[in-house]
Amino acid sequence: MLSNKNIKEFSNYGVVFLKNIIDKKWIKELQKGVELNFKNPSKYKCVYEKKNNKEIFYDDYCNWQNIREYQNFIFNSGIARIAKELMQSKKVNLFHEHVLIKEAESQKKTPWHQDQSYYCVNGKDNCSIWIPLDPVLKNVSPEFIEGSHNWNKQFLPTKFFGNKYEHKDEEFQSIPNIEDNKDKYKILSWKFNLGDAVAFKFSTIHGAPENISKNRRRAFSVRFTGDDATYIKRKGEMSPPFPELKLKNGDILDSDTFPLLISS
Ligand SMILES: O=C(O)CCC(=O)C(=O)O
C-alpha cells in the first residue's frame, strides 16, 4: 500500500503525507460516526471556542467502543496495516481515536505540542494518522516540525486552552516558542483532499493554525503503537486518562483498552 519513500520519510522526518490512501467509502463511514459521536458525546468532550453560543472548536476521544462506524474503520479498513508498514513493526495495538473539529472561522490555533508526554506510552514504535473528513487548504492544515522526533527531548504537555498541565516529570522541559520563531524550524504542511492523510510519530512536534476558511475542518486521528511500546504512568495528568487500566510500568499494552489489531 505504501512506497519505500513513504516509509523512509516517516522514519527520517517523523511525519509523512499519504496521498489518496483512504477509500471514500471509509471517509463516509467516519463522517457518519462523527455525527453520532457529537449527538451523544462522551464525558471527555472539550469545547475550546464558541461564537454566538455555537461551539466552533471542540473535540472528543476514546469512543471507538461505542461508535460502530469508528470500530468498523479501525478493525476492517486496513488502516492498521498502514500503521504496521510505517512503524515497521510486527505487532500493532490500537491506542485510541481522537476527533477534532474546527468549524469555519474558528480563531484558535492548536498549540504546538508533542503527544507522547500526555500519553501513558513509552517507546518509539508508534504512529498517529490524521484523516480529514473535509477537504483542507494548506493554510489551515496541521503543521509538523521535520525531524523533531529525533531531538530526543520530551516536552511538558500543553493544554489546548492555554493552561499548563500539573506535570511533575523532571525529564520534561518546556516546549520552545515555535510560533514566534517559525523561520528557525523546517515546518511541513500539506493541502488535503478527501482520502489524503498524514501520519506522524507521538514524539513529532505539531500544531495547527486557526481555521480561517469558510469550510468545516473535521479530523479523525487514529493512534497506534508497535513492537517496543510499554505502559508508563506519567507523574502528572495524562490525556487520555484511561481510568479503567490496570497495567503497570513496563507492561506491554495488549488489553481490552488497547486491542491487538495485528500480531505478526
Ligand atoms: O487537528 C488538529 O488541530 C491537531 C491534531 C493533533 O494535534 C493530533 O491529532 O495529534
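Numbers here are sequence positions counted from 1. Counting starts at 1 for both ligands and their atoms, following the listed order.
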Candidates Thr110, Val198, Val140; heavy atom nearest atom 4 (C) of ligand 1 found on Thr110
Suppose we measure from atom 9 (O) of ligand 1 to each protein heavy atom; which comes out shortest, and what is that distance? Ser221 OG, 2.7 Å
In ligand 1, which numbered atoms sit nearer than 4.0 Å to a non-hydrogen atom of His113? 7 (O)
Distance only, no hydrogens: is a donor on one side chain within 3.5 Å (strictly under) of an acceptor on the other, for Asp59 and Tyr48? yes
Assess, by modelled atom type and distance only, whether the side chains of Asn93 and Asp254 contain a donor and an acceptor separated by less than 3.5 Å. yes
Atoms of ligand 1 close to Ala208 [distance to a heavy atom under 4.0 angstrom, numbered from 1]: 3 (O)
Atom indices of ligand 1, in the order listed, that fall short of 4.0 Å to a heavy atom of Asp115: 10 (O)
For Phe38, is the NZ or CZ atom of Lys45 found under 6.0 angstrom from the centre of its six-membered ring and inside 45 degrees of the ring axis? no
Quick one: list whatever passes side chain to side chain contact (heavy atoms under 4.5 Å, CB included) with Glu29, sequence neighbours left out. Trp26, Glu69, Asn72
May I ask whether His98 has any heavy atom positioned less than 4.0 angstrom from an atom of ligand 1? no
Are Tyr119 and Phe95 close enough that their ring centers fall under 6.0 Å? yes
When you measure from the side chain of Lys102 to the backbone of Arg218, do you find a donor-acceptor pair of N or O atoms at a distance under 3.5 Å? no
closest protein heavy atom to atom 6 (C) of ligand 1 is His206 NE2, 3.6 Å
Do His206 and Glu143 make a side-chain contact, defined as non-hydrogen atoms from C-beta onward lying under 4.5 Å apart? no
Heavy atoms only, cut-off 4.0 Å: how does Phe200 contact ligand 1, side chain, backbone, both, or neither? side chain
When distances are taken from atom 1 (O) of ligand 1, the protein heavy atom at minimum range is Arg217 NH2, 2.5 Å
Atom 8 (C) of ligand 1: closest protein heavy atom, distance to 0.1 Å, is Arg223 NH2, 3.4 Å
